[in-house]
Amino acid sequence: MLDIRFVCDNRKKIEKAMKNRGMKISLDDLVSLDKARRESLKEVEELKHKRNNSSEKIAVLKREKKDAGNLIKEMQEVSRRIKEMDTEVKKVESKVREFLLTLPNIPHDSVPVGKDLKENKVVREDLSNKKAFDFEPREHADIGESLDIMDIPSAVKLAESRFVMLKGKGALLERALMRFMLDEQIKNGYLEVMPPLLVNKKAMTGTGQLPKFEAELYRCRDDELYLIPTAEVPLTNIHSGQILSEDRLPLKYVACTPCFRREAGSYGKDTKGLIRNHQFNKVEIVKFSKPGDSYDQLEGLLSDAEGILKLLKIPYRVVLLCTGDMGFGAAKTYDLEVWMPGENNWREISSCSNFTDFQARRMNIRHRDADKSVSFIHTLNGSGLAAGRTFAAVLENYQAKDGTVDVPEVLRPYMNGLERIDR
RNA sequence: GGAGAGGUACCCAAGUGGCUGAAGGGGCGGGUUUGCUAAACCUGUAGUGGGGUGUAUACCCUAGCGAGAGUUCGAAUCUCUCCCUCUCCGCCA
């Protein structure tokens, strides 16, 4: 959410930013709505002032056993008017808020302007671990099924399409990845958390999933609770409503959780294997930062995520998203993409974003400066990494000609010393 | 799920319609005195959101006693709805 004052004072800037995101938005209504809000508010507060004074006078009169009838009569009318105006002000306020909740964040100046993913910028790449295959590398779903470590038909029978069941060494590999990635992020100074996987509406609104993206969420029938689409939601909401003291910042959290996404509107896309599922495991890292150094913190968070791929020895590149491809709440986003030799393509495996004060304003997370003034903090998050997609990347990059898969060295301690996955 | 008790500031807590724009403790900040790992006394302690005036410092108004609605000239206090916490019972990994 953007600050209403900032929006009103910087219309040109906002409208340009929205245009860069590929949105056509006019702020005329919002600005006049807010003007009306301020005028009514001033008027009603003056009436309230009058009422407060008169109430006191009435109290004094009554105590002195004098007649207060006239004043009471007068105040009846004032009170009626206050009630009327309060309703009006509230209506306008909620309209303003509703509008603000649908406005995305303003992209940072360093973000390239562009229409879609074709205009994203590759910032750097590390191909030192890219292998030359002397055979035609296969896709991960193919490898997984022939090794009998991925069972899609069973998962579909139990749930529906876009679910997968891992078995045996596959389940072990997934668990190893989760533990390895968690341990690394803990080493990087993040505090591990096991959060609720179901959260309420307020939390979903805080991070920006609601109200705009309700169709992406699984919702409980009898309770006002939603399955988390990412641990970003519970982690970022940990400090909602709080004023954090500056010496605690940055706060860093990590969680490994299943994530649930309806993937509405992606029918027919990435239907094979582990790339786009309704349920997947992900290690998420979140930072609460002072406003001043959030962009430095973003670089750090990115390299924390990147470190996993370096250790796993998987070729990857860092992509800076352009304005048209960036998520709703982000001011700046780097994607980490891994090389998938079977698919002969790059795949997003992590998305690291600075949300600036966009989420903090929704959640009301603030900090106290050295000069005692209070301001919104900045939130950041990134995957470190998505386990399912990392699983796929390991299969494709570590496959051998005979259909087996080597276990990356760093994972072996987590897999009871297992060096190779075979049948 | 059933029954009961609660939710007041950083914490504990008093408070059933108007000198409560919230008593009293504790904690924390400042001060005084005596002096040694501190005590006693004095004093401050509603932060914040919103609106306005002014501009380096400020001031005024308004909201705020779990949340929302209602009654009333006036609500922490009365009524309703919801949320949360605790205790007992039931169920349960």
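Side-chain atoms are counted along with the backbone in the values below, which use heavy atoms only and exclude waters and symmetry mates. Below, chains carry the letters A, B, ... as their sequence lines are ordered, and counting in each starts from 1.
C28(B) is paired with G44(B) under the Watson-Crick or G-U wobble criterion, all donor-acceptor distances under 3.5 Å. Here G49(B) sits opposite U62(B) as a Watson-Crick or G-U wobble pair (both hydrogen-bonding atom distances under 3.5 Å). U37(B): no Watson-Crick or G-U partner with both key distances under 3.5 Å is found in any strand. Across all strands shown, C86(B) forms a Watson-Crick or G-U wobble pair with G4(B), both key distances being under 3.5 Å.
With A63(B), G51(B), A69(B) as the choices, the nucleotide that has an atom nearest any side-chain atom of Lys90(A) turns out to be A69(B). Among the nucleotides G51(B), C61(B), U48(B), the one closest to the side chain of His49(A) is C61(B). Relative to the side chain of Lys42(A), the nucleotides U48(B), G52(B), U62(B) differ in distance, and G52(B) lies closest. Taking only side-chain atoms of Arg368(A), from C-beta outward, the nucleotide of C73(B), G47(B), G52(B) with the closest atom is G47(B).
No salt bridge links Lys90(A) with Asp86(A); every basic N to acidic carboxylate O contact stays at or beyond 4.0 Å. A salt bridge is defined here as a Lys NZ or Arg NE, NH1 or NH2 lying under 4.0 Å from an Asp or Glu carboxylate O, and Arg11(A) with Asp28(A) meets this definition.
Both Ile243(A) and Val60(A) lie near RNA chain B, and the one whose nearest nucleotide falls closer to the 5' end is Val60(A).
Within the 4.0 angstrom heavy-atom criterion, no nucleotide atom of any strand lies near Lys202(A). Looking at heavy-atom distances under 4.0 Å, Lys57(A) makes no contact with the nucleic acid at all. Backbone-only contact: Leu41(A) has heavy atoms under 4.0 Å from sugar-phosphate atoms and none from a base.
Scanning atom types as modelled, one donor and one acceptor separated by under 3.5 angstrom connect the side chain of Glu45(A) and the base of G50(B).
Judged purely by distance below 3.5 Å, without hydrogens or angles, the side chains of Glu46(A) and His49(A) never pair a donor atom with an acceptor atom.
Between the Glu396(A) side chain and the His140(A) main chain, a donor and an acceptor come within less than 3.5 Å of each other.
The phosphate of U72(B) has neither OP1 nor OP2 within less than 4.0 Å of any side-chain N or O from Ser79(A). Applying the 4.0 Å criterion to OP1 and OP2 of U62(B), one finds that Asn52(A) has a side-chain N or O inside that range. Look at Arg51(A) and you'll find a side-chain N or O under 4.0 angstrom from OP1 or OP2 of G74(B).
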